[in-house]
2 protein chains.
Amino acid sequence: MTRILIVDDHPLVIEGVKSLLVDQEDIIVVGVATNAFDAMVFLKENQVDIAFLDINLPDISGIDLCKKIKEEFPDVKSIALSTFAERSYISRMVQNGAMGYLLKSSSKDEILDAISQVSQGGYYLNLNIKLPNQPEPHKPLPFLTRREKEVLILISDGFTNHQIAEKLFVSVLTVDSHRKNLLMKFEVNNTASLIKIAVQNDLI
Amino acid sequence: MTRILIVDDHPLVIEGVKSLLVDQEDIIVVGVATNAFDAMVFLKENQVDIAFLDINLPDISGIDLCKKIKEEFPDVKSIALSTFAERSYISRMVQNGAMGYLLKSSSKDEILDAISQVSQGGYYLNLNIKLPNQPEPHKPLPFLTRREKEVLILISDGFTNHQIAEKLFVSVLTVDSHRKNLLMKFEVNNTASLIKIAVQNDLI
DNA sequence: AAAATAATCCCCTAAAAAGGGGATATTAAT
DNA sequence: ATTAATATCCCCTTTTTAGGGGATTATTTT
């Protein structure tokens, strides 16, 4: 018997998963949560084998939730649920301990497969990507420091280095350094490319 | 009796909608389609009152599908289904004839409300947006000429005016003009803001 | 305590973009 | 035929970025 917790803020998705699993005899949905906090509370009070985690949750991201679950409930196995548009988070979810990765466009069989694989201690990655737009292998996102993220967002808001420096109470030279580091980390050589990648990956 | 067609490439969402509607006596899901082509075929052969349309479909966008349906089956009322991330498409869906707009995070009651409103000939817009990011009222996108779109894309690809000029076999000055016009039309004053808006609105 | 990382500041030069004017063919619409 | 829109090209100046070096404090991590 596999006990499932669904964590997603979309009732439609919750219903979808539940309805796909309702006729499975060895699988039971023991709980649902629409945010990370409720999910953690539920896990404290109930035995769960597999948690389906949406990437976008209202409080903290599924990525962070995944990490928290791994730390506090190492026996619970996480399967990330994402839309195609969010596929770039695969690697980060797996880094944070997810044992499976399902696109929300997955079929029933794929979902059952994932549960079966993961409950047996294996990995399941659903990567049957239909390449509607980008066939790029999709480089992993570089790690950004707190300051770099701040600067990146201010750049994307249209502020110049001078204005950013004023806002952050630092020298223009400092902002300039962060900016150069951003270009380096993203392996681009101008602002246009930088912002494009940032927006496409929801770093905004 | 309201007959519903669900068009979405996510089985989970289809199941979710179906399962939320299964206990409604006056509502029946008469069909589902995972792409726009199948949806049109179904509409030709069946009587449908309301079509739930996902924004992102594998073949053509829900926006275009909405228009097609309005043209070929004016009696069918469309309700757009989107994730929060895709909320920027609201206005375009409505322009193309959608009578309702639901976020996939909507509750059962909201979905039933939408069906009831729309089947009575009214509009339903679910805009209970929890403002995680942008509370902006969303300006209408400026009209871009063919050339401006080309230049915009090349800018976003990280090319300089010089490189773009070479690619388009025109003078750098021309590219510069287009670029200035782009800044003017989008009411921004640098590349970062320009690309941010462009990517967020799928002009890429 | 030592080492790595992050954040800060500094120098220099060249390239690119932005802001402000224009003008002139070509094409499309009325 | 006249207007309007598009695409093209030109001048100017100033600001901003990019590219190439560095260096010095904090703060974490090991």
Side-chain angles (χ1 to χ4, degrees), chain A residues 63-64 67-68 70-71 91-92 95-97 139-201 203-204, chain B residues 139-200 203-204:
Chain A
I63 295 171
D64 295 331
K67 199 172 177 182
K68 263 191 190 305
K70 194 78 190 166
E71 287 167 5
S91 57
R92 279 198 270 167
Q95 273 167 28
N96 280 349
K139 277 189 187 166
L141 288 178
F143 170 79
L144 300 186
T145 68
R146 217 177 299 121
R147 212 46 159 174
E148 284 165 352
K149 282 179 200 164
E150 283 186 88
V151 171
L152 176 58
I153 287 170
L154 290 169
I155 292 172
S156 82
D157 286 337
F159 296 109
T160 66
N161 289 350
H162 182 71
Q163 294 169 321
I164 295 172
E166 279 183 345
K167 279 183 192 293
L168 300 182
F169 303 104
V170 295
S171 157
V172 183
L173 295 157
T174 304
V175 178
D176 193 59
S177 289
H178 289 311
R179 192 170 191 137
K180 285 172 184 168
N181 288 333
L182 283 166
L183 293 179
M184 200 176 54
K185 285 188 173 182
F186 281 95
E187 296 176 64
V188 295
N189 41 31
N190 61 37
T191 304
S193 301
L194 176 69
I195 297 302
K196 183 185 173 187
I197 297 179
V199 176
Q200 284 178 339
N201 291 89
L203 309 173
I204 304 179
Chain B
K139 274 191 186 168
L141 288 178
F143 170 78
L144 299 186
T145 68
R146 217 176 299 123
R147 211 49 158 173
E148 284 165 351
K149 282 179 201 163
E150 284 186 88
V151 172
L152 176 58
I153 287 170
L154 290 169
I155 293 173
S156 82
D157 285 337
F159 295 110
T160 66
N161 289 350
H162 183 72
Q163 293 170 320
I164 295 172
E166 279 182 346
K167 279 183 190 294
L168 300 182
F169 303 106
V170 294
S171 157
V172 184
L173 296 156
T174 305
V175 178
D176 193 60
S177 290
H178 290 311
R179 191 170 191 139
K180 285 171 183 168
N181 288 334
L182 284 167
L183 293 180
M184 201 176 52
K185 285 188 174 182
F186 281 95
E187 298 177 62
V188 294
N189 41 32
N190 59 38
T191 304
S193 301
L194 177 69
I195 297 302
K196 182 186 173 186
I197 296 179
V199 176
Q200 284 178 338
L203 309 172
I204 302 180

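Throughout, protein chains are lettered first and strands after them, A, B, ... in sequence-line order, and every chain is numbered starting at 1. Computed from a predicted structure; not experimentally measured.
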Quickly work out the [X] [atom1] to [N] [atom2] distance and round it to whole Å.
X       : N       : atom1 : atom2 : answer
L194(B) : dA16(C) : CG    : P     : 18 Å
L168(A) : dC9(C)  : CG    : P     : 10 Å
H162(B) : dA16(C) : NE2   : P     : 8 Å
F159(B) : dA18(D) : CZ    : P     : 16 Å
L182(B) : dA17(C) : CG    : P     : 13 Å
N181(B) : dA7(D)  : CG    : C1'   : 10 Å
M184(B) : dG19(C) : CE    : C1'   : 12 Å
L154(A) : dT16(D) : CG    : C1'   : 16 Å

Polar side-chain atom of [X] near backbone of [Y] as donor-acceptor pair, under 3.5 Å:
X       : Y       : value
E166(B) : Q163(B) : no
N181(B) : M184(B) : no
K196(B) : D157(A) : no

Can you figure out which of [options] approaches the side chain of [X] most closely?
X       : options                  : answer
K180(A) : dT17(D), dT6(D), dG20(D) : dG20(D)
V170(B) : dG19(C), dC9(D), dA7(D)  : dC9(D)
N161(A) : dG22(D), dT17(D), dA7(C) : dT17(D)
S177(A) : dC10(D), dA6(C), dT8(C)  : dT8(C)
R146(B) : dA7(D), dA18(C), dC10(D) : dA7(D)

Fill in: Approximate separation, where rounding is to 0.5 Å, of E150(B) CD and E148(B) CD
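So the CD of E150(B) and the CD of E148(B) are separated by 10.5 Å.
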Worksheet entry | CD1-CG distance between I155(B) and L182(B), expressed to the nearest 0.5 angstrom | 5.5 Å
Identify whether any heavy atom of [X] sits under 4.0 Å from a base atom; if not, whether one sits that close to sugar-phosphate; answer base, sugar-phosphate or nothing.
X       : value
T191(A) : sugar-phosphate
T174(A) : base
F169(A) : nothing
H178(A) : base

Discussion item. Looking at R179(B), I'd like to know whether one of its side-chain N or O atoms comes within less than 4.0 Å of OP1 or OP2 on dA18(C).
Written reply: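 Yes.
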Fill in: Distance test, side-chain N/O of T160(A) to OP1/OP2 of dT17(D), below 4.0 Å
no
Practice prompt. Inspect the contact between E71(A) and K68(A) and indicate whether a charged nitrogen and a carboxylate oxygen are less than 4.0 angstrom apart.
Written response: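 No.
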Worksheet item: DNA chain C: K185(A) or S171(A), which has the more 5' nearest nucleotide?
Response: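 Taking each residue's closest nucleotide, the earlier one in sequence belongs to K185(A).
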Worksheet item: Which comes earlier along DNA chain C counting from the 5' end, the contact point of L183(B) or that of D176(A), where each point is its nearest nucleotide?
Response: D176(A)
